[in-house]
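Note that the structure is predicted; figures quoted are calculated from it, not measured. Every chain is numbered from 1, with letters handed out A, B, ... down the list of sequences.
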Amino acid sequence: MLQVSFIRENKEQVIEGLKKRNFNELEIIDQIIETDNIRKKTQTQLDETLAESNKLAKQIGELFKSGKAAEANALKEKTAALKQQANILKQQLQEIENQLLNLLYQVPNVPHQSVPAGNSDQDNEVVDTENDIPQLPEDALPHWELAAKYNLIDFELGAKITGAGFPVYIGKGARLQRALINFFLEEALKAGYTEIIPPFVVNEASGYGTGQLPDKEGQMYHICEDDLYLIPTAEVPITNIYRDVILKEDDFPVKNVGYSPCFRREAGSYGKDVRGLNRLHQFEKVEIVQIQHPDKSYDTLNEMVEHVKGLLRQLELPFRTLRLCGGDLGFTSALTYDMEVYSAAQKRWLEVSSISNFETFQANRLKLRFKDKEGKTRLAHTLNGSALALPRILASILENNQTPEGIKIPKVLVPYTGFELID
RNA sequence: GGAGAGAUGGCAGAGUGGUCGAAUGCGGCGGUCUUGAAAACCGUUGUCCUUCACGGGACCGGGGGUUCGAAUCCCUCUCUCUCCGCCA
């Protein structure tokens, strides 16, 4: 959520930014400022009432102490009206604060200057492309057929046990998946990240902290009985570690990495987009999260993009980097790079990572701050990225590396898998 | 699941109706002393709202209540700990 002070001081910039996102309810900006004005006025009135009431209470106490009970009782009567007024003001203030919060929750982050204009994923900017797209023979199989042929993944079995979108990984399929997880974690450790195993279920406050609530509750599985949510990404628990935390400047950069299963309800998508591993209700992911000084967060974003590129290079997969356009940018993000790998049998690009700088947008909700050199408390910047999401990597490895002899495992993974070929 | 105890500043730990934003110790920061360091001594040390400022206000786990006045009394929720039961 944006800070009201930021909106006040940079109103034009905010409006321009929101336009780039095709966010058109711009009247909300003036509503926010107006509501905040009322909030301030009410707060001041309440403070004055309480100040007076405090003063009287002190006087009454002194009068009682010096035995002037009659005078004290006389004063007591004056406090009743003040008390009533204070209660009314308190209630009003509460309502106004809720209104303000509701308005602020509706405003997405202001995009970074470099975010291109655009309406949909069609308008995303391809920053670069690496590695050649493999030329497969005509009879090359898509990954779901390969998965069946070599008994790596059983989608029907998952549907039997749970439902569609919950595949069962078997044998070398399971081992390849585990190898990838370990590879990603080890690479993150080499890059200086601290490994975290977070809870896979979070409470409501955490959902609000990273911005999944209140607007995306439909995306998460909700355990009603305990009012908890299955995490859609490890970002949620790992970032919420720092909810209500004040860091020291030399704590930067905070670099955490965590593996987790991710659960997504993802209602409303059908057809070939969701075939096989392309879109699942449960999948595995290694997530990198950084918390950084505002002056350095964009350098950090680039560092994270480079880290992910390094992973894809080592896996020898063709990939490209996209800078998301305003229309495709996530609600909480200021700048996002998507990484896509080419899945050669499906002949399409698949998103395997999304790396974002949220600037202070999450930190504001999280109350994640740091003390700067002058001793002032300021909001930190949060960033995160997938490094990487497993299913589509798996899909692309299976498809791109298929040969008549079997599926070749990328060299870098062999120490992790313990086998070189799936046959 | 049953019984009991508790939640106070970065940490430890006092405080049971007014003088408490809160003793004391540790830690942190600044200083004196020292060639330097340690020790010792002195000072300082929470967050938030509001104000140009002076100032004012809120916060002792969350919410509500009693009272002129609540960290302190009452209700409620959450969490933690101890004992018993169950258990990977």
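Leu63(A) has its CG atom 13 Å from the C1' atom of G18(B), to the nearest Å. Whole-Å rounding puts the Glu77(A) CD to G69(B) C1' distance at 17 Å. For Gln91(A) and G64(B), the CD to C1' distance is 13 Å, given to the nearest whole Å. The distance from atom CG of Asn37(A) to atom P of U50(B) is 11 Å, rounded to the nearest whole Å. Following rounding to the nearest Å, Gln84(A) (CD) and G65(B) (P) show an atom-to-atom distance of 14 Å. If you take NZ of Lys76(A) and P of G18(B), they are 15 Å apart, rounded to a whole angstrom.
Looking at Thr42(A) and Gln92(A), their side chains never bring a donor and an acceptor atom within 3.5 Å of each other. Side-chain contact, Arg369(A) with Asn364(A): no donor N or O sits under 3.5 Å from an acceptor N or O. At a cut-off of 3.5 Å, with distance as the only test, a side-chain donor of Thr300(A) or Gln292(A) sits close to an acceptor on the other residue. Looking at Glu359(A) and His381(A), their side chains never bring a donor and an acceptor atom within 3.5 Å of each other.
Using a 4.0 Å heavy-atom criterion, one finds that Lys83(A) contacts the bases of the nucleic acid, with or without backbone contacts as well.
Comparing U67(B) with G13(B), their C1' atoms sit 29 Å apart, to the nearest whole Å. A12(B) and G61(B) are spaced 14 Å apart, taking the P atom of each and rounding to whole Å.
Ionic pairing of Asp30(A) and Lys11(A) is present here: one or more N-O contacts between side-chain nitrogen and carboxylate oxygen are shorter than 4.0 angstrom. Between Arg39(A) and Asp36(A) there is a salt bridge, since a side-chain N of the basic residue sits under 4.0 Å from a carboxylate O of the acidic one.
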**OP:** Heavy atoms under 4.0 Å is the rule here; annotate nucleotides 52-62 of chain B 5' to 3' with B where the base is hit, S where only the sugar-phosphate is, and - elsewhere.
**Re:** ----BSS----

